[in-house]
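To start, the structure itself, in structure tokens.
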Amino acid sequence: MAHGIRVLEDSCRGCVNCIKSCPTEAMRVIHGRAHIIEELCIACGECLRNCRHRALQLAEDPWESISNNKDTVALMVDPSLCTQFLWPPNPDFLIGPLRDIGLEPISGVNSEAFDLAALAVSRAIESADSKDMPLISTYCPAVVRLIQIRFPELLKHLVPVESPLEFGIDLWRIRTQQKELVALAASCPARIAMVHDPVGREVSSAEWAISVARLAKEIRSRGYAKAEIKAPAEGERWVQWGMLGGETLHVASFMNRHLNAIAVSGVRNVFDLLQEVELGLHAEVEFVEARICDTGCIGGIGNAESRFLSQRKIRSQKVRWDRTAREIEMLEKLYRARIWELQRKIEPINRLPLGEEISQAMEKLKEMNAVYAELPHIDCGACGRPSCRAMAEDIVRGRGEVEDCIFKLRKRISGLAEELLLLSRRLVHTVVEDKH
Amino acid sequence: MGEPVLLEFEVKPLDFLAAGEAAEHVKETLKTLGLSSDICRRAAVVAYEAEMNLVIHGGGGRMVLRVEEDRIAIIAVDKGPGIPDLSLAMQEGYSTAPDYIREMGFGAGMGLSNIKRNSDEFEIDTEIGKGTKLVSVIYIK
């Protein structure tokens with residue numbers, strides 16, 4: 001199981017759709033089956049979107065293990081879960097349906113947890129050193145992992161505030177003294193990985209991860225799909241985080257001045273923006289909200305509802321961004337308790353260099369360039385690698401041979417065939433040919 | 001010491017869409033050698049700015065990454081108009097980029113000073129009407 005994604009070996013046809021769609025070139029097809037190179041996978045879910053054979057799936061926990069649990073399981077509600085139904089995205093409307101499928105929602109702490117996260121981010125921006133600007137949100141776990149793998153120089157830009165979905169569960173446990181096990185509603189593979197392979201803390205506060213799509217399916221199967229609930233006048237601030245820009249609005253609401261922020265979503269945009277940040281092109285920006293899924297978490301592959309419908313639902317809600325004096329007093333107390341803080345430093349994930357010593361690595365690099373020069377450079381994927389360059393690297397790392405390339409193989413066979421022909425003519429010189 | 005590794009890039013004039021690709025390639029290549037992320041980043045910045053100079057001013061050209069055991073060199077060569085006043089060009093914010101390029105967000109006049117800041121050795125050779133050769137060296141150890 002690699003980062004929230006599972007390969008179903010029996011369904012995999014060994015086509016190249018997934019390896020071509022992977023933005024970090026983390027996939028290979030070996031012996032007709034897709035494989036994920038774990039240290040390169042950022043759990044963005046692009047491969048799931050592009051698999052036509054449904055051979056790639058979310059590595060969520062089985063619904064049965066949660067629904068058959070002898071005690072009630074608590075559920076941490078993701079903003080995108082609120083947008084999956086015909087009614088307005090108000091978390092209160094989910095309480096009944098969730099209890100009906102045997103889960104106890106802990107969404108009650110969410111408004112506080114997300115408020116606290118936004119407050120902590122705004123404080124971090126206000127006190128940040130200008131050389132660490134812009135600060136980058138940690139809310140999207142796929143973006144965090146992308147930075148660990150591809151942009152390690154940007155790690156110091158990550159705002160040291162944990163996801164409110166994570167510390168919100170801590171807050172709920174402190175408040176209620178409940179010992180119940182908690183499942184996290186996950187809108188993408190990266191959220192599943194957040195539970196089973198956390199970054200920034202030793203162990204996740206949640207025990208299980210279950211997809212938003214699965215929860216939506218369970219709820220709909222109980223006839224809730226048709227339920228009509230009147231829209232309340234006001235939407236919750238934290239539900240806005242499901243949509244790109246929601247976090248920025250929330251952070252800005254805690255600041256007494258204009259916040260210079262950029263919010264981008266989608267793999268391509270995130271890659272380009274992070275590269276530009278690394279090159280120093282956005283030093284005057286204070287905050288970057290980057291989401292690997294287009295439109296934000298509502299665009300995650302683990303949702304059931306159309307991301308555009310979700311977007312419309314969230315937009316249709318009126319949100320009050322100011323808080324009462326009592327709320328602020330409570331937030332300040334929680335802020336001082338620092339439960340929002342990342343518990344562990346986020347470390348880079350380094351790729352194994354080509355050689356132990358630089359001189360060795362340089363020799364390998366030369367070898368790699370030589371191998372690459374001989375390849376057809378059409379990146380067809382037939383060798384099971386996403387590109388000729390990836391193929392050349394695999395070969396010098398000892399994970400493949402030049403003949404894995406069908407063009408090289410064809411050349412080799414035609415060469416051998418010619419040789420055979422020559423040989424055959426030489427061997428039968430005692431037989432007189434062509435007597436006609 | 002072994003032979004240096006050479007990587008060469010063709011840079012086309014006014015090809016803003018491809019700008020940054022060579023920089024990313026330089027960074028990823030240096031990473032596979034096991035160089036520290038700070039060195040990779042500095043080399044990427046130099047490569048990016050040098051590439052942008054070729055795109056905007058040089059009428060395209062060639063960029064070479066040369067890796068030796070103790071240093072990397074990024075060499076950018078063009079057959080462009082040359083730089084009339086080098087000390088002026090080195091100043092932050094000084095730019096001769098035309099308006100349409102500035103409107104795209106490029107040509108802010110930080111290129112050469114940025115390259116120099118990220119280099120351990122920096123050399124520029126320019127002749128009016130003939131072209132410019134830029135050499136930036138970053139020490140590995």
Side-chain angles (χ1 to χ4, degrees), chain A residues 23-25 39-40 131 146-157 262 268 271-285 347-370 372-373 387 389-390 392-397, chain B residues 1-9 16-52 65-72 92 104-108 110-111 113-115 117-118 139-141:
Chain A
T24 55
E25 297 200 327
E39 65 267 28
L40 294 179
K131 72 178 192 316
L146 176 61
I147 291 174
Q148 288 179 284
I149 292 170
R150 288 291 279 272
F151 302 98
E153 281 295 303
L154 296 181
L155 283 170
K156 59 177 186 291
H157 293 259
I262 298 185
R268 180 73 193 242
F271 262 75
D272 285 356
L273 181 68
L274 292 180
Q275 198 198 345
E276 290 182 16
V277 170
E278 191 175 59
L279 290 168
L281 304 186
H282 298 287
E284 73 282 7
V285 172
E347 300 286 352
I349 300 171
N350 292 319
R351 277 199 86 181
L352 210 60
L354 291 170
E356 278 174 28
E357 294 286 322
I358 175 115
S359 54
Q360 282 175 315
M362 279 169 61
E363 286 312 311
K364 290 272 186 196
L365 182 60
K366 275 183 239 171
E367 208 182 302
M368 191 174 115
N369 290 339
Y372 176 70
S387 64
R389 212 170 273 288
E393 189 173 336
D394 278 6
I395 289 172
V396 299
R397 285 181 189 272
Chain B
M1 248 193 242
E3 286 286 296
V5 185
L6 293 171
L7 272 181
E8 225 183 293
F9 307 89
F16 290 96
L17 283 181
E21 256 173 45
E24 185 65 13
H25 192 114
V26 164
K27 191 182 96 178
E28 289 305 310
T29 302
L30 295 177
K31 269 198 210 165
T32 61
L33 291 176
L35 299 181
S36 78
S37 65
D38 177 54
I39 285 175
C40 297
R41 182 194 58 85
R42 282 167 58 199
V45 171
V46 170
Y48 175 76
E49 298 290 4
E51 191 186 359
M52 288 309 296
L65 170 71
R66 184 188 155 100
V67 189
E68 290 172 58
E69 280 180 36
D70 61 344
R71 61 181 57 203
I72 38 187
E92 286 190 8
M104 284 191 277
F106 301 108
M110 301 297 287
S113 51
N114 227 349
I115 294 176
R117 193 173 29 241
N118 285 288
Y139 301 144
I140 292 175
K141 280 150 198 167

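We name chains A, B, ... by the order of the sequence lines, and we start the count at 1 in each one.
Most heavy-atom pairs under 4.5 Å with chain B: of the set A/G355, A/P152, A/G280, this distinction falls to A/P152. Here B/L33 is the residue among B/V67, B/L33, B/V45 with the most heavy-atom pairs under 4.5 Å with chain A. Each of A/E276, A/E278, A/R351 has some count of heavy-atom pairs under 4.5 Å with chain B, and the biggest count is that of A/E278.
Residue A/E356 qualifies as open at atom CD: its count of foreign heavy atoms under 6.0 Å is 12 or below.
In this structure, the portion of B/I140 lying under 4.5 Å from any heavy atom of chain A is its side chain and not its backbone. Proximity to chain B is absent for every atom of A/E357, based on heavy atoms less than 4.5 angstrom apart.
No side-chain N or O of A/E393 forms a donor-acceptor pair with one of B/T32 less than 3.5 Å apart.
Under the 3.5 Å distance criterion, the side-chain polar atoms of B/K31 are matched with a main-chain donor or acceptor of A/R150. Using modelled atom types, one side-chain atom of A/Q148 and one backbone atom of A/E347 make a donor-acceptor pair closer than 3.5 Å.
In plain terms, the two heavy atoms of A/L155 and A/P348 that are nearest each other are CD1-N, 3.3 Å.
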